[in-house]
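Chain letters run A, B, ... following the sequence lines, proteins first and then strands; every chain starts at 1.
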Number of protein chains: 2
Amino acid sequence: MARVLKEQKHDDGRRGDIVRAAAKLFRDKGYDGASMRAIANAVGMQCGSPFYHFASKQDILVAVVEEGLRQGLEKTRAVVKPNLPADAQFRALVKVHLSIILEDGNDFIPVMLYNWRCLDEVHQRRLIATKDEYDAIWQNAVNGLHNAGFLGGDTKFARLMVLGAMNFMVTWYKPKKGDSLDTLSDKVVAFFLSQHA
Amino acid sequence: MARVLKEQKHDDGRRGDIVRAAAKLFRDKGYDGASMRAIANAVGMQCGSPFYHFASKQDILVAVVEEGLRQGLEKTRAVVKPNLPADAQFRALVKVHLSIILEDGNDFIPVMLYNWRCLDEVHQRRLIATKDEYDAIWQNAVNGLHNAGFLGGDTKFARLMVLGAMNFMVTWYKPKKGDSLDTLSDKVVAFFLSQHA
DNA sequence: CCTACCGATCGGTAGG
DNA sequence: CCTACCGATCGGTAGG
């Protein structure tokens with residue numbers, strides 16, 4: 001019990017610092033472009049010290065992606081409400097997703113999206129299970145749009161298009177004064193559901 | 001004159017082999033993940049030999065992106081026809097773009113899309129001019145959709161959504177027997193223009 | 001968590 | 001275009 005408490009505190013301390021700093025560096029420079037030395041220095045450590053907390057650089061990447069999926073799934077589940085109209089449910093999910101990939105300090109999911117192939121196959125296979133949960137929530141919401149007449153055709157394809165368009169925003173979105181993620185979410189929703197405005 | 005001819009032949013020979021091999025490796029492993037040794041070996045050279053053709057690894061990346069933009073712009077311009085109905089023009093552009101990013105051996109533009117930040121700022125600034133030409137063609141087509149009543153709202157945002165959704169296909173599209181880029185183009189067009197089907 | 005270090009690999013070069 | 005090599009940097013480790 002004491003041991004469990006100690007480990008939890010540990011996770012929230014230096015280990016967590018490393019994961020957050022690595023996420024930022026992986027996002028900015030890519031997995032290969034961010035050296036262990038850079039990660040160590042970002043948290044005020046010497047170059048060998050992160051290996052006290054992680055067995056390898058790969059394990060840090062895994063921790064980043066795991067943390068991203070954990071946070072992302074938590075935030076996403078929190079806005080899923082069974083009695084919401086399809087378009088309102090869609091808007092809520094869009095807003096959460098934009099926050100997950102665009103908001104300052106949320107580097108975990110962008111790292112996952114753009115460094116997925118840097119993960120070992122073993123880790124990919126394990127993490128894909130959680131990714132599937134995430135996709136299933138979205139698939140439900142898109143199916144809801146279809147059933148409510150907002151979308152026709154192939155709903156799996158529709159989900160991929162919607163999420164793809166948003167995920168690619170990571171490459172071009174620059175936050176500007178005056179517009180919030182709320183405004184941006186409205187634009188995304190308006191674009192995809194414009195046929196019923 | 002003889003010198004010009006010789007250089008042209010040279011470009012189409014070993015230099016071109018290096019650019020094509022590098023494009024494939026940059027696409028598969030990323031710019032940092034693909035070593036000069038791997039690029040050299042892919043064309044049957046020793047590790048120092050590519051430097052007879054290029055001053056640096058960075059210059060190979062620049063050549064890959066330049067070739068991608070050149071080919072892409074050429075193919076794209078070829079399908080732009082002033083008297084085409086807006087939806088037909090859109091479909092033609094979608095098909096060309098899918099071919100550019102998904103067809104086997106077309107690694108140049110995917111490398112550009114996902115290794116853009118590996119380019120020096122100087123090269124980015126120069127290449128962005130050509131990118132803008134590409135975007136302008138698409139903007140025209142999307143404006144055409146808007147004017148014909150296929151789309152409402154912010155047409156620049158619409159362009160970014162449409163291209164983003166397609167560009168992200170690079171991360172999930174796996175060619176399957178029986179479906180062609182024609183079928184896929186139809187699905188993309190149907191999705192974005194479904195409100196007027 | 002630091003110090004001091006390892007072997008491996010990297011991009012790039014000189015000389016032919 | 002090859003051979004042979006360079007200094008720099010990489011991820012990772014042993015010992016404290």
> Counting distance only, does the side-chain N/O of B:Gln71 pair as donor-acceptor with the main-chain N or O of B:Ile100 below 3.5 Å?
Replying inline: no
>> At 4.0 Å (heavy atoms only), tell me whether A:Ala34 reaches a base, stays on the sugar-phosphate, or touches nothing.
In response: sugar-phosphate
>> I'd like to know if B:Asp186 pairs up with B:Lys95 as an ion pair, taking the criterion as any Lys NZ or Arg NE/NH1/NH2 lying under 4.0 Å from an Asp or Glu carboxylate oxygen.
In response: no
>> For B:Leu181, is there any backbone N or O sitting under 3.5 Å from a side-chain donor or acceptor partner on B:Ser185?
In response: yes
> Are A:Glu133 and A:Arg77 within salt-bridge range, i.e. N to O under 4.0 Å?
Replying inline: yes
> Starting at NE2 of B:His53 and ending at P of C:dG11, how long is that distance when rounded to a whole Å?
Replying inline: 17 Å
> OP1 or OP2 of D:dC1 less than 4.0 angstrom from a side-chain nitrogen or oxygen of B:Arg14, does that happen here?
Replying inline: yes
> Can you tell me how far P of C:dG11 sits from CD of B:Gln46, to the nearest Å?
Replying inline: 16 Å
> Closest to the B:Phe51 side chain: D:dG12, C:dT13, D:dC1?
Replying inline: C:dT13
> D:dA4 P sits how many Å from B:Tyr52 OH, rounded?
Replying inline: 21 Å
> Given atom CZ of B:Phe54 and atom P of D:dC1, what is their separation to the nearest angstrom?
Replying inline: 11 Å
> For the pair made of CD in A:Gln58 and P in D:dG11, what is the distance, rounded to whole Å?
Replying inline: 12 Å
> Taking atom C1' of D:dC1 as reference, at what distance in whole Å does atom CD1 of B:Ile39 sit?
Replying inline: 17 Å
> Closest to the B:Met45 side chain: D:dC1, C:dG11, D:dG11?
Replying inline: D:dC1
> Would you call B:Arg70 and B:Glu66 a salt bridge, taking side-chain N to carboxylate O under 4.0 Å as the test?
Replying inline: no
> Across the strands shown, which category fits B:Ala38 at heavy-atom distances under 4.0 angstrom: base, sugar-phosphate, nothing?
Replying inline: nothing
> With both distances under 3.5 angstrom, what nucleotide forms a Watson-Crick or G-U wobble pair with C:dC2?
Replying inline: D:dG15
> Whole-Å distance between C:dC5 P and A:Arg37 CZ?
Replying inline: 14 Å
> Within this structure, what is the CG-to-C1' distance between A:Asn41 and C:dC2, rounded to whole angstrom?
Replying inline: 13 Å
>> Heavy atoms only, 4.0 Å cut-off, all strands: where does A:Ser49 land among base, sugar-phosphate and nothing?
In response: base
> So which one's nearest nucleotide on DNA chain D is more toward 5', A:Gly33 or A:Gly48?
Replying inline: A:Gly33
>> Side chain of A:Cys47, heavy atoms from C-beta onward: which of D:dC10, C:dC5, C:dG11 has the nearest atom to it?
In response: C:dC5
